[in-house]
Amino acid sequence: KRLVLLGMKKRGFGVGLWNGFGGKVEPGETIEQGARREVEEESGVHVETLHPAGVLWFEFGTDPMGLECHVFTANAHEGTVVETEEMRPQWWDAEALPFDSMWPDDILWWDHILKRQQFAAAFWFAADQKQILRQAVNAVDVLPTHWHLALKGWA
Ligand SMILES: COc1nc(N)nc2c1ncn2[C@H]1C[C@H](O)[C@@H](COP(=O)(O)OP(=O)(O)OP(=O)(O)O)O1
């Protein structure tokens, strides 16, 4: 059985939802370095090797600011998983994630992760951040580097 570590977000954006570990990239970091740091800050473990899995674009209502989110997977970690100020961690069966308590886009691309198929997706949410009004999910051979720009002529 494949297990996946998710964290229950205890504060801030997405509070009350199970999610992967992540956050904003800091100045001077690559996206991958930012992902590694966020995993460490939020779960206590070090993940040396990260596999790029997908890229997501989110927009909310009429907010002109979108969010580009890069999804990585890791098959191994060093250290002990701990609860942190931001996340309460729990292992889940990869085939039975708690989608009812996750961001609503997750169920729409998770299958690509299970199949190890890279993907590029975009979701236009209502202003309430709950309902998805429009979506596009595509398997890709090569992950786009500037997804939010590339998708202008795509979705
Ligand atoms: C809108 O749909 C989303 N779906 C999924 N699966 N994940 C999302 C969605 N919107 C945001 N996220 C992810 C992206 C990040 O991994 C977290 C949010 O990160 P956070 O706000 O905690 O960023 P930090 O830099 O850690 O913030 P602090 O400075 O407050 O620690 O959710």
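Residues take their numbers from the sequence shown, with the count starting at 1. On a predicted model such as this, the values are computed, not experimentally measured, just so you know.
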S.K.: Any carboxylate oxygen within less than 4.0 angstrom of a Lys/Arg side-chain nitrogen, looking at Arg11 and Glu85?
M.R.: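 Yes, Arg11 and Glu85 are salt-bridged.
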
S.K.: Any side-chain to backbone donor/acceptor pair from Gln33 onto Thr30? Under 3.5 Å, distance only.
M.R.: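 Checking the backbone N and O of Thr30 against the side chain of Gln33, a donor-acceptor pair under 3.5 Å is found.
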
S.K.: Phe72, Val45: one ILVMFWY side-chain cluster at the under-4.5 Å cut-off?
M.R.: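 Yes; tracing contacts between hydrophobic side chains, which count when under 4.5 Å, links both residues.
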
S.K.: So, do Lys9 and Glu86 sit near enough that their side-chain heavy atoms are less than 4.5 Å apart?
M.R.: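 Lys9 vs Glu86: side chains touch.
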
S.K.: Ignoring hydrogens and angles, tell me if any N or O in the side chain of Glu42 forms a donor-acceptor pair with the backbone of Gly22 under 3.5 Å.
M.R.: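 Such a contact is found between Glu42 side chain and Gly22 backbone.
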
S.K.: Any donor and acceptor pair, going by atom type alone, linking the side chain of Glu29 with main-chain N or O of Lys24 inside 3.5 Å?
M.R.: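 No; zero donor-acceptor contacts below 3.5 Å.
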
S.K.: For the pair Glu83 and Lys10, find out whether any cationic side-chain nitrogen is under 4.0 Å from an anionic carboxylate oxygen.
M.R.: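 Salt bridge: yes.
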
S.K.: Determine whether Val81 and Leu6 fall in the same hydrophobic cluster, where Ile, Leu, Val, Met, Phe, Trp and Tyr are linked whenever their side-chain heavy atoms lie under 4.5 Å apart.
M.R.: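 Different clusters.
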
S.K.: In this structure, would Val137 and Val71 fall into the same cluster of hydrophobic residues linked by side-chain contacts under 4.5 Å?
M.R.: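 Yes, it is one cluster - the side chains of Val137 and Val71 are joined through contacts under 4.5 Å.
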
S.K.: Spell out, yes or no, whether Leu3 and Val39 are grouped together once hydrophobic residues are joined by side-chain heavy atoms under 4.5 Å, including indirect joins.
M.R.: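 Hydrophobic grouping puts Leu3 with Val39.
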
S.K.: If we ignore hydrogens and angles and just use 3.5 Å, is the side chain of Arg36 paired with the main-chain N or O of Val47 as donor and acceptor?
M.R.: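 Yes; at least one donor-acceptor contact below 3.5 Å.
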
S.K.: Is there a side-chain contact between Glu68 and Val55 in this structure, where contact means two heavy atoms from C-beta onward sitting under 4.5 Å apart?
M.R.: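 In contact.
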
S.K.: Do the side chains of Asp105 and Ile132 get nearer than 4.5 Å, heavy atoms only?
M.R.: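 Side-chain contact under 4.5 Å: yes.
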
S.K.: For the ring pair (Phe, Tyr, Trp, His ring centres under 6.0 Å) test, which of Trp110, Trp57, Trp109 pairs with Phe119?
M.R.: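 With Phe119 as partner, ring pair (Phe, Tyr, Trp, His ring centres under 6.0 Å) holds for just one option, Trp109.
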
S.K.: Please check if any side-chain donor atom of His46 sits under 3.5 Å from a side-chain acceptor atom of Glu40, or the reverse.
M.R.: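 Distance-only check passes for His46 and Glu40.
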
S.K.: Do Trp18 and Trp92 make the cut of ring centroids closer than 6.0 angstrom?
M.R.: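 When the ring centroids of Trp18 and Trp92 are compared, they turn out to be within the sub-6.0 Å range.
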
S.K.: Quick check: is Phe125 connected to Phe99 through a chain of hydrophobic side chains (ILVMFWY, heavy atoms under 4.5 Å apart)?
M.R.: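 Phe99 and Phe125: one cluster.
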
S.K.: Between Thr73 and Leu50, is there a side-chain heavy-atom distance shorter than 4.5 Å?
M.R.: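 Counting from C-beta outward, Leu50 and Thr73 never come under 4.5 Å.
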
S.K.: Run the side chain to side chain contact (heavy atoms under 4.5 Å, CB included) check on Glu48 and Glu78 step by step: do they pass?
M.R.: CA-CA 8 Å; Glu48 187 54 36; Glu78 295 159 35; 4.1 Å; yes

S.K.: What distance separates Cys69 SG from Ile31 CD1, expressed to the nearest 0.5 Å?
M.R.: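 Here the rounded value is 10.0 Å.
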
S.K.: Decide yes or no for Met87 and Phe21: does some side-chain heavy atom of the first lie under 4.5 Å from some side-chain heavy atom of the second?
M.R.: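 Sidechains of Phe21 and Met87: in contact.
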
S.K.: Among all residues two or more places apart in sequence or in another chain, which pass the salt bridge (charged side-chain N to carboxylate O under 4.0 Å, His left out) test with Asp111?
M.R.: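 Only Lys115 meet the salt bridge (charged side-chain N to carboxylate O under 4.0 Å, His left out) criterion with Asp111.
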
S.K.: So do the side chains of Leu97 and Met102 get within less than 4.5 Å of each other, counting heavy atoms only?
M.R.: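 Contact flag for Leu97/Met102 side chains = yes.
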
S.K.: When you look at CZ of Arg116, are more than 12 heavy atoms from neighbouring residues, nucleotides or ligands closer to it than 6.0 Å?
M.R.: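 At most 12 heavy atoms, drawn from other residues, nucleotides or ligands, come within 6.0 Å of this atom.
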
S.K.: Report yes if the side chains of Val4 and Asp93 come closer than 4.5 Å at any heavy-atom pair, otherwise no.
M.R.: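 Side-chain contact under 4.5 Å: no.
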
S.K.: Quick check: do Gln129 and Trp103 have side-chain heavy atoms less than 4.5 Å from each other?
M.R.: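 The answer is yes; the side chains approach within 4.5 Å.
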
